[in-house]
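What follows is a short report on a single structure.
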Amino acid sequence: MNRLTNKRILLGVTGGIAAYKSADLTRRLQDEGAEVRVVMTHSAREFITPLTMQALSGHPVHLDLLDTETESVMGHIELARWADVILIAPATADFIARYASGHGDDLLAAVCLAAECTMVVAPAMNQAMWAKESTQTNVDLLRKMGVNILDPHEGLQACGETGAGRLMDVPDIVTRVANLFELGLLAGKHVVITAGPTREAIDPVRYISNHSSGKQGYALAQAALEAGARVTLVSGPTNLTAPDRVTLVTVESARQMLEAVMQSAPGADIFIGVAAVADYRPETTAEQKIKKQSAEGMTIKLVQNPDILKSVAELREGRPFSVGFAAETENLVDYASRKLEAKNLDMIIANNVADSSIGFNSDDNETIVITRTGQSPLPKSSKEVVSRKIIAAIAEKLAADSEQVA
Ligand code: C5P
């Protein structure tokens, strides 16, 4: 189970012998789906090299408070803002003292001072240093500040002594960090969504398209992210900004959209076709701008585009749970149900586009969720609210289907 999908973890490494364990910790956090960036204190570099941490995290390691290059890319404020969780592991007695007393004289201390996100500190030190009243007072102060302290374990220490002070075992740290997040309805699932219109070129300057704004697809991408999913959004041209953590693939034509979808949908858990794909495209695209010709008009021969949703729903291997949209102006449930069958879907979201205040280019939507076993109406509300309800309906159906299989 990917318990940390979409989560951003800033790992602070301070200078203790347990610093070598932060390499394994980075890997295991990533295995759970987290994106990890690393800040190292000066003394941490005596125990493990920034190069090791850079290679493992896949990002340059942040080292100095006044490194102009790093500051301009991502300074202490940006790093603090970027993170969902800041995890200091291992945390030395000295770092804990500096954090507790509000120092900001190196990068990690300054990041902690600037942070407003969830904080986790995993101390590791000699047992006498851990037991010392000053350390315990500092740790208590951090607890009062709302910092989660992962108490060190008892055992044989690198210095040869036995007692409490060993860094909590790495898998336990990962579990404790994962437990800080409520698991979303689609935690660890991969969702692929198409959105927006397609453009079918007539010549280098003209195309056939439609009024789809992309709002519903983008709102669904956001709702899927919030539910803990990893999201790939394949989008035709829109004026929207994609949510921060989606993998965005931009395309123009239906054929490009099909190609992009076939790169990501096989093997995904859920596919939602929201795009208003042009049903037809010009048979040929003129290489040069077409000149005005006779006054009698002109004819463009159109040929049918591939049905992207149907192609995904008919996959023999790696077929995801397939969801379509049916925009209709009459006989809503009847037409949508036929589409569900014809395209071999698991669910179809029917919406009435006869009313211009909902659907296509508007901010609101009113839909009916239809599956083979039933239907439920989602009353008129914003596309954001409708999206959360659709995601909940998908999660519920997916869970019911997998229970049936088991
Ligand atoms: O057949 P119709 O166009 O009404 O079907 C709508 C559904 O099918 C939507 O989910 C749309 O994204 C999808 N579709 C598609 N490829 C097409 C046409 C529609 O994926 N060429």
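Whatever order the structure lists them in is the order used to number ligands and atoms, beginning at 1.
Considering only heavy atoms from C-beta on, Leu11 comes within 4.5 Å of Leu25 through its side chain.
Thr52 and Thr49 are linked by a side-chain donor-acceptor pair at a separation below 3.5 angstrom, with hydrogens and angles left out of the test. Side-chain contact, Asp203 with Gln288: no donor N or O sits under 3.5 Å from an acceptor N or O.
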Identify all N/O pairs between ligand 1 and the protein with a separation under 3.5 Å and present them as a table of atom names and distances.
| residue | atom | partner | partner atom | Å |
| --- | --- | --- | --- | --- |
| ligand 1 | 1 (O) | Lys343 | NZ | 2.9 |
| ligand 1 | 4 (O) | Lys339 | NZ | 2.4 |
| ligand 1 | 5 (O) | Lys343 | NZ | 2.9 |
| ligand 1 | 8 (O) | Lys343 | NZ | 3.0 |
| ligand 1 | 10 (O) | Gly273 | O | 2.5 |
| ligand 1 | 10 (O) | Phe325 | N | 2.8 |
| ligand 1 | 10 (O) | Phe325 | O | 3.4 |
| ligand 1 | 12 (O) | Gly273 | O | 3.2 |
| ligand 1 | 12 (O) | Ala275 | O | 2.7 |
| ligand 1 | 16 (N) | Ile308 | N | 3.0 |
| ligand 1 | 20 (O) | Leu309 | N | 2.8 |
| ligand 1 | 21 (N) | Pro306 | O | 2.9 |

Atom pairs and distances, donor-acceptor, side-chain atoms in residues 264-279, under 3.5 Å, two or more places apart:
| residue | atom | partner | partner atom | Å |
| --- | --- | --- | --- | --- |
| Ser264 | OG | Ala260 | O | 3.4 |
| Asp269 | OD2 | His190 | N | 2.7 |

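Ion pairing of Asp106 with Arg98 is present here, as a side-chain N (NZ or NE/NH1/NH2) and a carboxylate O approach within less than 4.0 Å.
More than 12 heavy atoms of other residues, nucleotides or ligands sit less than 6.0 Å from atom CZ of Arg8.
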